[in-house]
Student: 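Let me begin by handing over the structure; questions about it come next.
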Amino acid sequence: MSDKEPLFSAKNRKLLTNPLGSDNPITIQVLGICSALAVTAKLEPAVVMTISVMAVLALANVIVSLLRNTIPSRIRIIVQLVIVAALVILVDQILKAYAYDVSKQLSVFVGLIITNCIIMGRLEAFALGNRPWPAFLDGIGNAAGYGIILVIVAFFRELLGSGTLYGFNVIPQAFYDMGYQNNGLMILPPMALVTVGIIIWVQRSRNKALIES
Amino acid sequence: MENLINIFIKSIFIDNMVFAFFFGMCSYLAVSKTVKTSMGLGIAVVFVLGITVPMNYMLNKYILSEGALTWISASMADVDLSFLSFIMFIAVIASMVQLVEMIVEKFAPALYSSLGIFLPLIAVNCAILGGSLFMQERGYSTLAEATSFGLGSGIGWLLAIVGIAAIREKIRYSNIPAPLRGLGITFIVTGLMGIAFMSFMGIKL
């Protein structure tokens, strides 16, 4: 049936848009929190991290989906880990070659994409049971949902914590002259958790269906 | 010896896996509903970190890092295999977890039945791979230092998950705004615990 299906049918569009809101990987599925919180002190690493996760997730989804009928289910975790690890090594080497400063800032977190639960979660839940094209869309959609939360958290932490956005000063000097101070607490790790907590709060008050009993 | 204790204390309290680096947050949030199960997962993490960090240390020192292969022949001094470290570390971790699972099943069936479901999950817990990657990045100089770092990080993670589980057991009876219930409040409480743990930062070791 899906042979005749148009590339962007309603079902496939849902794969792209659902993870952005009501099925968000971070705030609803609770996947991939570790890296999401650690790279969000500034916008730049957050954006680079999103792009890296998107590349790895989309490609891994396609590869696993192509191999889904040949992977024996007993050793599938190891096979998936090897596929993901190979892709992450590629991303890491590319970052080291073309964006060395960011790659230093991300330090071990590029390597941790391997164990990012978003990747394993989507491979297990989606790629193993679907064709390559929907799997590709699912990968892009989930990585974008992950990226949205990363960018929102990084936006507030960088704006309030350093008074910059993407490295540019946005708070006018006049504010500092009047006694405004950057809030150093926002840069520290705990505030990332609180910021995500508040995002969850806002999202669930707007969409009552998501409230946990 | 003093150095080892310093690394141990530092990795438990100051560089705590959960509060300073957010490692292993996924299982931290998913499993911390009761103290009993989180204790089981915590012990499994200590166990696996205590084994895989020293193993990966040896792997890094004698095979992967630049010039590590000189023990085979002097002509291999400029071979640098460190780009392979992700795939080698994750392979060691996945196979060690499998091995530990089999050994525990054979020799300690009681422990196995309490840890059983958590052991395979640990292969994809970021705290484990994170431990090995930090070990590589910080360049610990002896096997003992790496082991003490691995055990310390594991115990720090155990402390964090048992702490949040105890709080979540109590918080169930509190009147929390409906949209914050469950996940939201857990994030905020973890943030507050993190701020509390930051008070250890002042300790100079």
Side-chain angles (χ1 to χ4, degrees), chain A residues 26-39 75 77-78 80-82 84-86 88-89 92-93 96 107-121 124 185 188-208 210-213, chain B residues 16-30 83-91 93-95 97-98 120-121 123-138 177-198 201:
Chain A
I26 292 185
T27 58
I28 311 298
Q29 304 176 44
V30 204
L31 295 173
I33 316 276
C34 333
S35 54
L37 298 170
V39 299
I75 57 159
I77 303 258
I78 306 233
Q80 289 164 4
L81 279 176
V82 170
V84 175
V88 170
I89 290 178
D92 184 48
Q93 297 292 323
K96 274 193 182 137
S107 75
V108 300
F109 291 99
V110 178
L112 285 176
I113 297 178
I114 300 173
T115 48
N116 191 322
C117 344
I118 288 192
I119 314 249
M120 290 306 278
E124 282 281 302
L185 188 62
L188 297 171
M191 285 314 284
L193 289 161
V194 176
T195 316
V196 174
I198 292 169
I199 292 176
I200 293 175
W201 189 0
V202 171
Q203 192 190 13
R204 293 190 184 181
S205 7
R206 290 167 56 95
N207 187 348
K208 303 278 185 212
L210 301 174
I211 292 177
E212 289 174 45
S213 54
Chain B
N16 186 289
M17 280 275 181
V18 173
F19 300 126
F21 302 108
F22 316 107
F23 283 173
M25 284 299 284
C26 311
S27 31
Y28 170 87
L29 292 168
F83 68 94
L84 283 177
S85 47
F86 295 157
I87 209 162
M88 294 298 280
F89 286 175
I90 199 72
I93 288 168
S95 46
V97 167
Q98 204 97 97
L121 279 180
V124 287
N125 185 330
C126 3
I128 310 289
L129 183 63
S132 290
L133 291 176
F134 265 135
M135 175 274 301
Q136 187 190 31
E137 195 180 84
R138 293 181 187 160
L180 258 179
R181 259 174 226 156
L183 193 59
I185 196 71
T186 312
F187 268 104
I188 293 178
V189 168
T190 309
L192 295 178
M193 284 170 79
I195 293 177
F197 260 70
M198 277 167 54
M201 270 183 181

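In what follows, chains carry the letters A, B, and so on, assigned in the order in which the sequence lines appear, proteins first and then strands, with residues in each chain numbered from 1. In this text, all values refer to a predicted model and were calculated from it rather than measured experimentally.
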Student: So what's closer than 4.5 Å to chain A heavy atoms on B:Phe134: side chain, backbone, both or neither?
Tutor: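 For B:Phe134, the contact with chain A is made by backbone and side chain together.
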Student: Sort B:Phe86 into side chain, backbone, both or neither according to what part of it lies under 4.5 angstrom from a heavy atom of chain A.
Tutor: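 B:Phe86 touches chain A through backbone and side-chain heavy atoms alike.
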Student: Using side-chain heavy atoms (C-beta onward) and a distance below 4.5 Å, is B:Phe187 in contact with A:Ile33?
Tutor: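 A side-chain contact under 4.5 Å exists here.
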Student: Select, from B:Leu183, B:Thr190, B:Ile195, B:Ile185, the one with the greatest count of heavy-atom pairs under 4.5 Å involving chain A.
Tutor: B:Leu183
Student: Working to the nearest 0.5 angstrom, can you tell me the gap between A:Ile114 CD1 and B:Ile90 CD1?
Tutor: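 If we round to the nearest 0.5 Å, A:Ile114:CD1 and B:Ile90:CD1 are 5.5 Å apart.
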Student: Determine the minimum heavy-atom distance between A:Arg204 and B:Arg181, stating which atoms define it.
Tutor: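 Minimum heavy-atom contact is NH1-O, 3.9 Å.
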Student: So, do B:Phe22 and A:Leu193 sit near enough that their side-chain heavy atoms are less than 4.5 Å apart?
Tutor: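 In contact.
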Student: Give me the atom names and distance for the closest heavy-atom approach of A:Gly197 to B:Ile188.
Tutor: CA-CG1, 4.0 Å
Student: For A:Leu112, which atoms come within 4.5 Å of any heavy atom of chain B: side chain, backbone, both, or neither?
Tutor: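 For A:Leu112, heavy atoms of backbone and side chain both lie under 4.5 Å from chain B.
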Student: Testing the basics here: between B:Phe23 and A:Phe109, what is the closest heavy-atom pair and its distance to 0.1 Å?
Tutor: CE2-CE2, 3.2 Å
Student: For B:Met198, is it the side chain, the backbone, both or neither that has a heavy atom under 4.5 Å from a heavy atom of chain A?
Tutor: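 Contact with chain A involves the side chain of B:Met198 alone.
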Student: Looking at B:Ile87, B:Leu133, B:Leu180, B:Leu29, which makes the most heavy-atom pairs under 4.5 Å with chain A?
Tutor: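 Winner by heavy-atom pair count: B:Leu180.
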Student: Which heavy-atom pair separates A:Pro190 from B:Gly191 by the least distance, and what is that distance?
Tutor: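 Looking at all heavy atoms of both residues, the shortest contact is CB-O, 3.3 Å.
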Student: Chain B heavy atoms under 4.5 Å from A:Thr27: which part of the residue, side chain, backbone, both or neither?
Tutor: backbone
Student: Please classify the contact between B:Leu129 and chain A as side chain, backbone, both or neither, with a heavy-atom cut-off of under 4.5 Å.
Tutor: both
Student: Of the backbone (N, CA, C, O) and the side chain (C-beta and beyond), which part of B:Ala20 lies under 4.5 Å from a heavy atom of chain A, both, or neither?
Tutor: backbone
Student: Does the side chain of B:Ile128 come within less than 4.5 Å of A:Thr115's, by heavy atoms?
Tutor: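 SC-SC contact between A:Thr115 and B:Ile128 ruled out.
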Student: Does any heavy atom of chain B fall under 4.5 Å from the side chain of A:Leu188, the backbone, both, or neither of them?
Tutor: side chain
Student: Which atoms of A:Asp92 are under 4.5 Å from chain B, going by heavy atoms: the side chain, the backbone, both sets, or neither?
Tutor: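 For A:Asp92, the side chain is the part near chain B, not the backbone.
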